[in-house]
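Could you have a look at this structure, given as C-alpha cells, before my questions?
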Amino acid sequence: MTTQTLRDQIAGLLRAGLEAAQTSGALPPFDVPNISVDPSRHAAHGDYGSPVCMGLARVLRRAPLQIAQAVAPHVPPASFVEKVAVAPPGYINFYLDPTWLAEQAPVILEAGEAWGNVDLGAGKRVQVEFVSANPTGPITIGSARNAVIGDTLASVLAAAGYGVEREYYVNDAGSKARKLGVSLFLQYAALLGAPVSLDEEIYPGAYIVDMAQELIAEVGRRYLEVDTETAIHALADWGIAKVLDVVADDLAQLRVHFDTWRHERDLYASGLFTEMLERLRAGGYVVERDGATWFSHSALAQDAVLIRSPQVIPNPEDRPTYLASDVAYLWDKLVLRNFDRAIYVWGADHHGDVPRVLAAAEAVGVDPERLTFVLYQLVTLRRGGQEVRMSKSSGEFVTLRELIDEVGPDPIRFMMLTRTVDVSLDFDLDLAVEQSDRNPVYYVQYAHTRIAGVLRKAEEVGLDPDVMGNPALLVHPSELDLIRKMLALPEIVTLAADHIAPHHLTTYALDLAALFHAFYRDCRVVDPDAPELTAARLMLSQSAKMVLARVLHLMGMEAPERM
RNA sequence: GCCCCCGUAGCGCAAUUGGAUAGCGCGGCGGACUUCUAAUCCGUAGGUUGUGAGUUCGAAUCUCACCGGGGGUGCCA
C-alpha cells in the first residue's frame, strides 16, 4: 500500500535538491528547513509547488528566485515528474508526467477500495467517542450532526491507518435517569387512571406517553402496587434500556454503528471514580468548600465542582457532576483501556468544559495531548423560515427519524459534512425535503450512476466492461485531470485525519464528480469503431467509479448504480 | 464583564491551515438533449475577504483594537 503521498515524495525530491545544491557548491551550506509542498491552484503553476526558497532568502541573503534557480537543476529525476520549473518570485513547480499519470488509472483500479489509505496512524489505537446524547429520548437533528461528524471521522482515521473504535457514552447516572423514571411513572399512573402528583421535573415529550403505554402492555399495573421510589428506579432502568434501543436504531438508520456503549454508572459502580477522587486528593487538587467537593487546578480560572453539597442537592445520586465521571472516564479510556488517543465530539455549547477535562487529565497524570476535542457549532433548525427551538426538556424537538423517513440518510449525512465544524448549521426542513433533488449529494451520486450507465452501455454493445485497456491511450486533458484528482485522495485523507476535519471529503467528492462529468462531456467512452480507446476509457471509468464509491463510503453514503 | 466560534459575490459555504490570479453551489441572465442517463454541461454577471492598525518576502488565514451575529459562563444537563 502507498506509504507516502505524492506530496511527501515531492518534498523528498526537494530535500535532495536542496542538499545537492549545497554539496555541489551552487549554494552555501545551510540547515534544510521544513519543506512545504502545496497542490497548485492553477494549471499554469504545474501540479505541485513549493515556496521553500522564499523562506531561505533571508538565511542565504539572496533573492528567492536566484535560490530556486540554483536548486531546481539539482532536484533528482523521478518517474512521475515531467519537469521542474522555477517561477517568480521564487517558487519551484513540479509538473507530473502525462505518461506516468495515465498509468496510474490501472494502479488505482487495482488498489480497489484500499485506494486512499495512508499510514499516518501507524497502527495507533484511537477511540472516537461521539453522540453520547442523554438517553432520555429519541435522537434529535442536533445530535445527528454529532453522529455524522464522529462516524465519518472514525472512518477517515481508519483509512489513515489508525485502529479505531467508535464509542457511545451513556449518561445514565444521576438526575437524568431519575427524571426519566419519574416522567414514565407519572404518565404510566395517569394512563391507568391512578394519577400521582410529585413535585419533580419531567420530560413532557409525546414519546413518554408511547413508552408508558408500552410499559402497561408489558407489566400491567404492577408498578402501582410497589413503593413509589422503587417504581421510579425500576422505570428509570427500564426506560433507559428502551431509549437506548431506539437510539441505536435511529442511528443505524443513519448508518452509524458503535463498537462500544460505555455506561457512566459503571464508572461509579466499579469504584473507579472513588479511586480517581483519591488520586486527585493525593495530588492536592481537591478542595472542600461550602459543603461541596471542588477540583482545583492552577490552569483553571475557577475551581470546578466535583460533588455538590448535600445542603443544596438532597438526593445523593444527583451530587456528582459530569466532571466527576469525566475524570474516571478519561482514565478508563487512556489508562485502563490504553487507547493512544481519545477524540471527543462535543457540541460547542460544552466548550467551557474542555479546559477542566484537560486539567483533570494533567492532574491524574495523563498527557493532555492524547485528548482531542472536536467542538462543532450547533444546528439551528428552520421550518417555513421560522427557527424551531428544540429541547428534550421542553418536549419540542424534531427527531432524526422523522427526517430520515422523509429524505433518507444520504442527504442528511452529506449536508452535515459539507461545512467545517466551526460554522453553525442552518438546517431548513422545507428545503431539505422540497429541494432534495438539488442537494449536492445527488451531484456526486449521479456521477457514480452515470459511470454505471456507461458500463451497462458497453455490455449492451457486447463489450467487456472489465477489460484492462492500454493506459497509453489516455492522453486527453480531461482524462488526465480526472486521474490527477483520483490521485489526490490519499492527500485528502491525510488532510482530514491530521486536522480532524471530515468536511474535506465533501469538497473532494464534488471536485471528483465535476471532473468525471467533464470527461464524460469531452470523451466518448463506448465507441465500437475505436475498440482500443474504448477499452482504455472503460478502465478509466472503472477507476473513477471505484474512487467515487470509496469517498462516498468514507462519508457513510451509498454509491448507487441507478438513480 | 470574561471565554469560545463565526463574519469571504444577493444567499449558503470552500480555500490542503502563512503562499502565486480567492473557488464551488444556489439564485440572475444567455445557450446545449434523434448521441454512453440533461439529477448533466457551456457561457456570462457578481469581491477593498466586517472596519482600522500591526507582524511577514507574502495575510481570508497570525496579533491587537473596534463593529455585528451565535454559544457558554462556580453546585443545570
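Letters go in sequence order (proteins before strands), and every chain restarts at 1.
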Looking only at side-chain atoms of A:Tyr443, point me to the closest of B:C41, B:C36, B:G74.
B:C41
Looking at every heavy atom in both A:Asn93 and A:Ala87, which two are closest together, and how far apart are they?
ND2-CB, 3.6 Å
Upstream residue (5' side of RNA chain B) when A:Thr449 and A:Lys485 are each assigned their closest nucleotide
A:Lys485
For Watson-Crick and G-U wobble pairs within 3.5 Å on both distances, what is RNA chain B written in dot-bracket notation, | included for inter-strand pairing?
(((((((..((((.....[...)))).(((((.......))))).....(((((..]....))))))))))))....
Go through B:C36, B:C76, B:U17 for me and flag the one nearest to the A:Leu495 side chain.
B:U17
Atom P, compared across B:U73 and B:U16: separation rounded to whole Å
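Each nucleotide's P atom is 33 Å from the other's.
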Tell me which one of A:Leu429, A:Thr380, A:Ile412 satisfies side chain to side chain contact (heavy atoms under 4.5 Å, CB included) with A:Ile141.
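The single option meeting the side chain to side chain contact (heavy atoms under 4.5 Å, CB included) with A:Ile141 is A:Leu429.
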Whole angstrom value for the distance that separates P of B:C36 from CG of A:Leu455:
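Taking atom P of B:C36 as the reference, CG of A:Leu455 is at 15 Å.
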What distance, rounded to whole Å, do you find between the two P atoms, one in B:G25 and one in B:A14?
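Those two atoms are separated by 16 Å.
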Nearest heavy atom decides the nucleotide; on that basis, is A:Gln302 or A:Ile492 closer to the 5' end of RNA chain B?
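That would be A:Ile492.
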Taking the side chain of A:Arg524 as heavy atoms from C-beta outward, which of B:A38, B:C36, B:C41 is closest to it?
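That would be B:C36.
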Answer with yes or no whether A:His499 presents, from its side chain, a donor or acceptor under 3.5 Å of a partner atom in the base of B:U17.
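It does, because a donor-acceptor pair links the side chain of A:His499 to the base of B:U17 below 3.5 Å.
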Which protein N or O atoms sit under 3.5 Å from an N or O of nucleotides 43-48 of chain B?
none

Once you round it to whole Å, what is the distance between C1' of B:C4 and CZ of A:Arg356?
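Atom CZ in A:Arg356 sits about 13 Å away from atom C1' in B:C4.
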Nearest whole Å is fine: how far is B:G25 C1' from A:Gln445 CD?
17 Å
Side chains of residues 487-494 of chain A: which donor-acceptor pairs under 3.5 Å do they make with residues two or more places apart or in other chains?
| residue | atom | partner | partner atom | Å |
| --- | --- | --- | --- | --- |
| A:Glu491 | OE1 | A:Tyr48 | OH | 3.3 |
| A:Glu491 | OE2 | A:Arg7 | N | 3.4 |
| A:Glu491 | OE2 | A:Tyr48 | OH | 2.6 |
| A:Thr494 | OG1 | A:Pro490 | O | 2.7 |

Applying side-chain hydrogen bond (donor to acceptor under 3.5 Å, both in side chains), which residue pairs with at least one partner in residues 344-356 of chain A are found, sequence neighbours left out?
A:Asp353-A:Arg356
From CZ of A:Phe427 over to P of B:G70, roughly how many Å is that when rounded to an integer?
22 Å
With sequence neighbours left out, the residues meeting side chain to side chain donor-acceptor pair (under 3.5 Å) with A:Tyr376 are A:Asn146
Length of the line joining A:Leu510:CG and B:A14:C1', which is rounded to integer Å
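A:Leu510 atom CG is separated from B:A14 atom C1' by 10 Å.
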When you measure from the side chain of A:Arg7, which nucleotide among B:C41, B:C36, B:U17 comes out closest?
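Among the listed nucleotides, the one closest to the side chain of A:Arg7 is B:U17.
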The side chain of A:Pro39 is closest to which nucleotide in this list: B:C36, B:A39, B:U16?
B:U16
Output yes when at least one side-chain N/O atom of A:Thr418 is less than 4.0 Å from OP1 or OP2 of B:G25, else no.
no
Spacing of the C1' atoms in B:A9 and B:C24 (rounded, Å)
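Pairwise C1' distance, B:C24 against B:A9, rounds to 12 Å.
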What pairs with A:Gln445 under side chain to side chain donor-acceptor pair (under 3.5 Å), at least two apart in sequence or on another chain?
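In terms of side chain to side chain donor-acceptor pair (under 3.5 Å), with neighbours along the sequence ignored, A:Gln445 is linked to A:Asp410.
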Using a cut-off of under 3.5 Å, enumerate the N/O to N/O pairs linking the protein to nucleotides 19-21 of chain B.
| residue | atom | partner | partner atom | Å |
| --- | --- | --- | --- | --- |
| B:G19 | O2' | A:Tyr91 | OH | 2.5 |
| B:A20 | OP1 | A:Arg41 | NH2 | 3.3 |
| B:A20 | OP2 | A:Arg41 | NE | 3.3 |
| B:A20 | OP2 | A:Arg41 | NH2 | 2.4 |
| B:A20 | O4' | A:Tyr91 | OH | 3.4 |
| B:A20 | N6 | A:Asn93 | OD1 | 2.5 |
| B:A20 | N1 | A:Asn93 | OD1 | 3.1 |
| B:A20 | N1 | A:Asn93 | ND2 | 2.9 |
| B:U21 | O2' | A:His42 | NE2 | 3.0 |

Could you tell me how the ring of A:His297 sits relative to the ring of A:Tyr285: parallel (under 30°), tilted (30 to 60°) or perpendicular (over 60°)?
parallel
Starting at atom CD of A:Glu491, determine the distance to atom P of B:U17, rounded to an integer number of angstrom.
11 Å
Nearest atoms (heavy-atom pairs only) where A:Tyr268 meets A:Pro320
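Scanning both residues completely, I find the closest heavy atoms to be OH-CB, 3.2 Å.
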Using the P atoms only, state how far B:U61 lies from B:G50, rounded to an integer number of Å.
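Per the computed distance, 8 Å lies between those P atoms.
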May I have the list of side-chain donor-acceptor pairs in residues 508-520 of chain A shorter than 3.5 Å, sequence neighbours left out?
| residue | atom | partner | partner atom | Å |
| --- | --- | --- | --- | --- |
| A:Tyr508 | OH | A:Lys485 | O | 2.6 |
| A:Asp511 | OD2 | A:Lys485 | NZ | 3.4 |
| A:His517 | ND1 | A:Arg450 | NH1 | 3.0 |

Between A:Arg262 and A:Glu129, does any NZ, NE, NH1 or NH2 come within less than 4.0 Å of an OD or OE carboxylate oxygen?
no
Looking at A:His351 and B:G71, is any side-chain donor or acceptor paired with a base atom of the opposite kind under 3.5 Å?
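Yes.
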Can you tell me how far C1' of B:A14 sits from CG of A:Leu505, to the nearest Å?
14 Å
Is B:U44 in the syn range, within 90° of 0, or in the anti range?
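Base orientation relative to the sugar is anti.
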Letter by letter from the 5' end, nucleotides 5-12 of chain B scores (B base, S sugar-phosphate only, - none; protein heavy atoms under 4.0 Å) SS-----S
Which value, in whole Å, describes the distance between the C1' atoms of nucleotides B:U8 and B:G47?
8 Å
So, OP1 or OP2 of B:U40: does either fall under 4.0 Å of a side-chain N or O from A:Arg521?
no
Qualifying side-chain hydrogen bond (donor to acceptor under 3.5 Å, both in side chains) pairs, either residue in residues 528-549 of chain A, two or more places apart
A:Asp466-A:Gln542, A:Glu479-A:Arg537, A:Lys545-A:Glu561
Integer angstrom distance from the P of B:G23 to that of B:A45
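Comparing P positions in B:G23 and B:A45 gives a spacing of 14 Å.
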For A:Asp481, all residues meeting side chain to side chain donor-acceptor pair (under 3.5 Å), sequence neighbours excluded
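Partners of A:Asp481 by the side chain to side chain donor-acceptor pair (under 3.5 Å) criterion, ordered by chain and then number, come out as A:Arg484.
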Kindly indicate, with the supporting measurements, whether the criterion side chain to side chain contact (heavy atoms under 4.5 Å, CB included) is fulfilled by A:Leu552 and A:Glu558.
CA-CA 6 Å; A:Leu552 285 165; A:Glu558 281 181 344; over 6 Å; no
If you measure from the Lys or Arg side-chain nitrogens to the Asp or Glu carboxylate oxygens, is any gap between A:Glu201 and A:Lys179 under 4.0 Å?
yes
Expressed as a whole number of angstroms, how long is the span from A:Asp428:CG to B:C26:C1'?
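One finds 13 Å between C1' of B:C26 and CG of A:Asp428, rounded.
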From B:C36, B:G72, B:A15, pick the nucleotide closest to the side chain of A:Asp349?
B:G72
Side chains of A:Arg419 and A:Thr506: donor-acceptor distance under 3.5 Å anywhere?
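On atom types as modelled, these side chains do not qualify, holding no pair under 3.5 Å.
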Restricting to side-chain contact (heavy atoms from CB on, under 4.5 Å), what partner residues turn up for A:Ala501, sequence neighbours left out?
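In terms of side-chain contact (heavy atoms from CB on, under 4.5 Å), with neighbours along the sequence ignored, A:Ala501 is linked to A:His499, A:His503, A:His504.
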